[in-house]
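Okay, structure first, notes after.
No hydrogens, no waters, no symmetry mates; every other heavy atom, side chains included, goes into these values. All chains are named by letter (A, B, ...) in the order of the sequence lines, taking the proteins before the strands, and each is independently numbered beginning at 1.
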Amino acid sequence: MYDKLWLIPLFPFVGFLINGLLGKKIKNEKVIGAIGTLAIFSSFVVSCKYFLQLLEDSNKVHEVVVTSWMSVGQLQVDWGLLLDPLSALMIMNVTGLATLITFYSIGYMHGEEGYFRFFSYLNLFSFAMLMLVLGSNALVMFVGWEGVGLCSYLLIGYYYEKKSASDAGKKAFVVNRVGDFGFLLGLFLLFWSLGQKGVWTIRFTEIAANAHLLENGGLIVTIITLCFFLGATGKSAQIPLYTWLPDAMEGPTPVSALIHAATMVTAGVYMIARMNGLFAMAPDTMMVIAIVGGATALFAATIGLAQNDIKRVLAYSTVSQLGYMFLAMGVGAFTAGIFHLLTHAFFKACLFLGSGSVIHGMHHAYHHAHLDDDPQDMRNMGGLRKKMPITFYTFLFSTLAISGIPFFSAFFSKDEILWWSLSSTRGHWALWLMGALAALMTAFYMFRLVFMTFFGEQKTDARAKDHIPESPLVITLPLMILAALATFGGLMGVPHVLGQYIGHFPNAIENFLAPIFEHTQHLHHIEAHGAAATEFTFMGISVGIAVVGIGLAWLMYCKKPQLPGLIVAKFPALHRAIYNKWYIDEFYDAMVVNPTKKLGTTLWLIFDVRLVDGLVNGVAWVVKGSGRALRYTQTGYTHNYAMSMVAGVVAIIAIYVFN
Amino acid sequence: MSEHLLSLMTFFPILGMLIVLMLPKGNGGLLKSVTLVFTLITFVISMPLALDPIFKTSGAMHYTEFAEWISVGNYFQMNYSVGIDGISLWLVMLTTFIMPIAVLSTWQAVTKNVKGYMALMLLLETAMLGAFIALDLFLFYVFWELMLIPMYFMIGIWGGANRIYAAVKFFIYTAVGSLLMLVAIIYIYYTAVNSGMDINGFSIADFYNLSLDPELQKWLFLAFALSFAIKVPMFPVHTWLADAHTEAPTAGSVILAAVMLKMGTYGYVRFAMPLFPDALKYYLPYLAGLAVIGIVYGALVAMMQKDVKKLVAYSSVSHLGFVMLGIFALNTIGVSGAVLQMVNHGVSTGALFLIVGFIYERRHTRLISDFGGLSKQMPVFATIFMIVTLSSIGLPGTNGFVGEFMILLGAFQSELRWFAVIATTGVILAAVYMLWMFQRVMFGKLDNPKNQNLKDLSFRELCVVAPLLIFVFWIGVYPNTFLEKMEPAVNQMIVQVTGEQPVVVKAVPVAAPAPVHAEEAVHGHAEEPAHGHSH
């Protein structure tokens with residue numbers, strides 16, 4: 001029934017091969033773009049088929065083994081794929097968004113050098129991401145996990161002639177490797193500790209079925225999950241490993257939308273959801289996850305307040321929103337976390353593509369006027385809503401969504417997370433407070449962005465200001481689709497308190513994901529408890545928070561544009577710290593990067609060259625020296641030899657005599 | 001035919017050498033072609049070994065041959081005794097596979113005294129193959145020493161600017177270890193003879209059964225261990241490698257890295273560990289410690305190198321540290337991973353040296369700072385370099401990952417758990433030094449005028465690396481081809497060393513029925529609440 005599941009990752013892989021190997025010969029941008037888009041669209045179609053099939057199916061978990069991978073001793077690993085409600089949602093998300101974004105790229109990347117390279121990488125990414133979500137064991141997931149990291153590296157460094165771009169790519173890869181270190185250790189420990197109980201496995205279904213063999217809340221399971229979580233902080237840009245994501249904005253904008261907003265960076269959340277049974281057994285880890293998530297949500301939001309690069313604001317916003325998802329995971333709101341993952345994919349992809357549309361327009365104008373200004377700096381924008389109406393409206397709807405304005409998608413998902421963080425058996429009011437404060441800042445900095453970009457007076461250089469066009473349909477069509485999703489996508493998860501008043505509107509996503517999460521939640525008594533009235537109250541509070549944030553942004557960036565300057569003048573140190581991202585990169589450089597380099601040099605020059613080789617060369621020198629000295633005894637004169645013989649005989653006799 | 005297959009394979013290159021020596025000196029093309037043909041035929045001769053299914057089921061020695069060789073009454077008996085099991089199988093295959101590639105890589109690189117070079121290459125092949133198949137300890141020693149000579153001359157005559165220093169250092173380092181080993185070999189022999197045991201020459205199978213006094217083992221083991229550790233090379237006796245690799249001509253570096261370093265790790269697996277199990281137990285933590293230090297140390301030092309070849313050389317120290325750790329894990333997963341990683345390192349690092357050779361031939365420099373932005377000028381080269389880099393980093397889907405993963409997983413399961421944790425940091429460092437080097441060589445602006453007219457890879461050059469790339473992916477995606485044939489031999493080796501049968505748990509059947517079962521299990525849990533909701 002599901003035996004052709006492997007078609008889903010296969011299509012983009014074929015697309016990657018075609019464009020990668022032949023793209024240079026094909027040359028025609030339209031053909032290359034069509035191949036790339038069709039490849040991923042085909043797997044979208046197949047995904048839809050299986051998704052619908054799964055909806056009807058009473059059996060919700062299906063594994064397909066393609067072939068064996070590693071088989072030695074206790075280690076038996078297959079190339080296996082797993083389709084269940086969780087991965088089904090993810091493949092819909094990945095293939096759907098990848099199709100839209102690949103299509104968008106046809107227009108956006110027009111005229112770029114290495115056009116085929118871009119599309120082949122994009123397909124390769126889709127392939128890897130699909131392996132990640134479909135993998136039926138931790139190792140196939142890890143193939144995807146590192147594979148998306150590779151594509152991220154390649155695409156961030158797409159403009160490889162630019163040092164900042166190749167630096168950013170390398171940073172992303174290396175920081176992710178730090179996370180992978182954790183992933184691997186977690187995997188080793190899991191494999192070994194389950195093996196001690198007689199089950200040698202890394203298959204997710206078997207891990208779930210046998211997790212109870214480990215001690216509930218014990219040290220082992222806590223360490224395992226903490227290690228895996230370290231992996232998640234790398235991939236999903238959480239404290240302490242988030243620093244690569246803002247730099248990743250060096251990549252072309254569609255990349256930021258697809259990889260660094262909608263899909264790859266959510267892999268850590270997905271991984272925790274995939275192993276929810278294991279994580280739920282470790283309340284300490286869950287608490288760490290919730291705190292790290294909440295802190296990241298808050299911390300990244302502060303940095304987002306003061307950035308002027310349109311993509312950087314969105315990057316920090318992504319870090320912050322990912323923090324929400326981890327907060328959800330940490331308090332056991334698995335469904336809410338996945339729900340927010342989906343709505344975030346919609347609105348953030350739309351926001352990134354929208355910013356791409358703006359940058360595209362600005363770039364066009366500057367190019368036209370032969371100016372070298374920064375097309376991503378919001379201080380050069382303003383008033384663009386009249387120039388780019390479609391971009392503006394789609395952007396506005398998505399911004400309303402991220403701010404949590406009622407009935408836009410993220411209103412439902414974010415609110416559910418906040419509600420759980422307060423009322424879950426694993427929640428705490430402090431977690432709620434972190435989330436709520438972050439929500440306030442989110443509404444503020446997002447509307448700051450909207451106001452600076454689309455409202456007010458246009459601050460673009462006079463020579464360029466009239467040459468900013470609305471983007472073509474190839475760009476605006478995906479924007480419109482995504483904006484529609486960002487607006488209405490929340491309806492898949494209408495909470496019961498609201499749903500019961502509107503004709504028993506079901507919480508579709510919760511029902512759909514129940515086979516994955518409900519068992520865990522029952523088993524470990526994870527639930528949100530509270531009266532409907534309280535839930536309504538807090539819903540009201542979060543709407544209030546959003547409105548206050550938007551109002552503040554309006555006040556500072558529309559009503560009284562002189563205000564931000566005054567505030568900066570009043571708190572210069574604070575502003576500098578925020579603007580410079582709290583100097584975290586500098587801190588890491590000073591504490592980790594430079595000492596490591598120094599250590600490498602020291603080991604090499606002191607230990608290798610001086611000590612070991614010094615010893616080796618020293619021995620050689622001594623041998624050579626003594627050879628040279630002893631050479632003088634080999635004179636070739638008979639009387640000299642006779643002399644030494646006599647001396648020897650005398651010596652031997654002397655020894656005998658005196659003994 | 002098949003009863004002399006190993007001998008035929010081993011000595012066929014010698015025949016080639018004799019023919020090369022008879023050919024006219026001036027005709028370089030002919031000399032190279034003949035050498036290529038001989039190495040290719042040797043590869044073909046070895047093919048039936050790789051295809052033989054016997055290795056899947058039996059860990060014993062196969063294709064054995066035996067002949068009395070040197071016999072001095074009852075005092076001294078040496079035999080020509082050879083054979084192959086699932087471990088040496090892949091090292092033999094690696095050797096016969098790498099040699100034609102190495103020869104092909106000399107096509108434009110070697111112009112001086114081609115005849116001598118080709119003759120030495122063929123001699124070297126015989127020596128290496130002989131060492132891998134020898135079942136008589138003395139015969140092994142003969143081949144082991146024989147390997148030294150051609151490599152010494154290859155570095156010393158065809159090497160780079162500092163070649164004499166490098167060649168002498170290589171020779172003396174290795175010779176010091178070898179001599180200690182020779183003393184130990186002779187000592188074991190006479191211990192065996194004096195114990196009145198019925199031994200057949202220096203047969204290692206007989207020596208395995210020799211229960212040597214544990215105290216004595218310690219000394220003998222040290223002699224073997226040092227000799228092999230130098231060859232691996234393990235920290236801290238690795239310093240010859242950087243010079244030898246850097247100064248050697250491309251083909252020399254390729255052979256050195258791909259095959260000769262494996263002689264050290266193989267020596268541990270075949271000789272040092274099973275011969276002296278008690279001593280091993282005693283020294284294991286120290287050796288594993290050195291292996292792990294090597295992993296981290298090699299990576300840190302590689303990171304700061306300014307010369308591409310030196311960087312690759314130090315990366316070998318790191319990678320071979322992984323191999324040693326896997327061997328010391330002494331369980332099926334770890335040792336299989338280690339044997340696989342020996343092959344992987346041969347493939348990946350061999351390819352890296354070829355790649356460095358390609359740009360060296362074009363620019364006659366190995367300094368990283370002389371390059372930059374080559375991607376723009378040489379896109380095919382860039383792609384291949386990237387793939388090999390990723391394989392060296394151990395990206396899943398490539399060969400490097402499978403080996404490293406199995407080694408670390410195996411080590412984690414053994415007593416060496418904490419060693420494995422530290423070793424895993426090598427995964428991070430590998431990405432740092434390789435990607436940094438790649439960035440400085442391939443990315444950035446193409447602003448050095450000397451680099452602006454570089455030609456992309458020629459067809460011949462593509463043919464040289466392409467076979468290696470195939471194995472990068474083959475081993476990465478379907479390593480079972482190799483694993484299934486080494487597992488019985490690996491298990492046998494573990495039994496010899498530890499005296500315990502390795503846990504052969506196939507508790508988790510992989511075949512089709514299993515998923516169904518698991519599905520039901522999970523589904524059974526999940527179904528109830530799901531139903532409760534929808535109604």
Chain B contact via A/Leu523 - which portion, at a heavy-atom distance below 4.5 Å
neither

Which atoms of A/Val616 come close to chain B, meaning under 4.5 Å heavy atom to heavy atom: side chain ones, backbone ones, both, or neither?
side chain

Under the salt bridge (Lys or Arg N to Asp or Glu O under 4.0 Å) test, residues paired with B/Lys169 that sit two or more places apart
A/Asp613, B/Asp243

Tell me, for A/Tyr159 versus chain B, whether the close heavy atoms (under 4.5 Å) come from the side chain, the backbone, both or neither.
neither

Report which part of B/Trp436 has an atom under 4.5 Å of a heavy atom belonging to chain A: side chain, backbone, both, or neither.
both

Side chain, backbone, both or neither: which part of B/Ser375 has a heavy atom under 4.5 Å from chain A?
both

Relative to chain B, which segment of A/Asn617 carries a heavy atom at a distance below 4.5 Å: side chain, backbone, both, or neither?
side chain

Sort A/Leu154 into side chain, backbone, both or neither according to what part of it lies under 4.5 angstrom from a heavy atom of chain B.
side chain

Bottom line for A/Thr596: the part with an atom under 4.5 Å from chain B's heavy atoms is both

What part of B/Thr383 gets closer than 4.5 Å to chain A, counting heavy atoms only: side chain, backbone, both or neither?
neither

Which atoms of A/Glu113 are under 4.5 Å from chain B, going by heavy atoms: the side chain, the backbone, both sets, or neither?
side chain

Which value, rounded to the nearest 0.5 Å, describes the distance between A/Leu189 atom CG and A/Leu194 atom CG?
9.5 Å

Tell me, for B/Met486 versus chain A, whether the close heavy atoms (under 4.5 Å) come from the side chain, the backbone, both or neither.
neither

What residue, out of A/Arg117, A/Lys24, A/Arg177, has the most heavy-atom pairs lying under 4.5 Å from chain B?
A/Arg177

Can B/Arg417 be said to sit on top of A/Trp192's aromatic six-ring, NZ or CZ under 6.0 Å from centre and within 45° of the ring axis?
yes

Taking only residues two or more places apart in sequence, or in another chain, which ones meet A/Lys197 in a side-chain hydrogen bond (donor to acceptor under 3.5 Å, both in side chains)?
none

Against chain A, label B/Phe405 side chain, backbone, both or neither, depending on which of its atoms sit under 4.5 Å from a heavy atom there.
both

Looking at every non-hydrogen atom in both residues, tell me the closest pair between B/Ile295 and B/Ala423 and how far apart they are.
CD1-CB, 3.6 Å

Against chain B, work out which of A/Thr601, A/Asp608, A/Asp180 has the most heavy-atom pairs shorter than 4.5 Å and name it.
A/Asp608

Mind checking whether A/Phe607 and B/Tyr297 have parallel, tilted or perpendicular rings, split at 30° and 60°?
perpendicular

Using only atom types and a distance under 3.5 Å, with no angle test, would you say the side chain of B/Asn480 pairs donor to acceptor with the backbone of A/Ser71?
yes

Answer with yes or no after comparing the ring centroid distance for A/Tyr121 and A/Phe16 against a 6.0 Å cut-off, counting only values under it.
no

Just give me the residue among B/Ile172, B/Leu446, B/Leu429, B/Leu408 that pairs up with chain A most often, heavy atom to heavy atom, under 4.5 Å.
B/Leu408

Using the ring of each side chain (for Trp, its six-membered ring), is B/Phe443 parallel, tilted or perpendicular to B/Phe438, with breaks at 30° and 60°?
perpendicular

Looking only at heavy atoms and a cut-off of under 4.5 Å, which of B/Leu483, B/Val168, B/Leu435, B/Val402 has the most pairs with chain A?
B/Leu435

Select one option (side chain, backbone, both, neither) describing which atoms of A/Trp145 are under 4.5 Å from chain B's heavy atoms.
neither

When the 4.5 angstrom heavy-atom criterion is applied to A/Phe142 and chain B, the contacting part is both

Chain A: which of B/Met406, B/Met304, B/Lys445 shares the most heavy-atom pairs with it under 4.5 Å?
B/Met304

Tell me the closest heavy-atom pair linking B/Glu404 and B/Gly394, and the distance in Å.
OE1-CA, 4.4 Å

Quick one: of B/Ile393, B/Val237, B/Leu300, B/Leu409, who has the most non-hydrogen atom pairs under 4.5 Å with chain A?
B/Leu409

For B/Val421 and A/Phe181, work out which heavy atoms get closest and say how close.
O-CE1, 3.5 Å

Which answer fits A/Leu603, side chain, backbone, both or neither, if we ask what part of it has an atom under 4.5 Å from a heavy atom of chain B?
both

Checked B/Tyr433, B/Tyr314, B/Tyr478 vs chain A; the most non-hydrogen pairs under 4.5 Å come from B/Tyr314

Just verifying a value: how many Å separate A/Phe127 CZ and A/Leu132 CG, rounded to the nearest 0.5 Å?
11.5 Å

Interatomic distance, CD@B/Gln439 vs NZ@A/Lys170, rounded to 0.5 Å, equals 4.0 Å

Go through the atoms of B/Leu390 and report whether side chain, backbone, both or neither lie under 4.5 Å from a heavy atom of chain A.
side chain

Nearest heavy-atom neighbours spanning A/Gly135 and A/Val140
CA-CG1, 3.6 Å

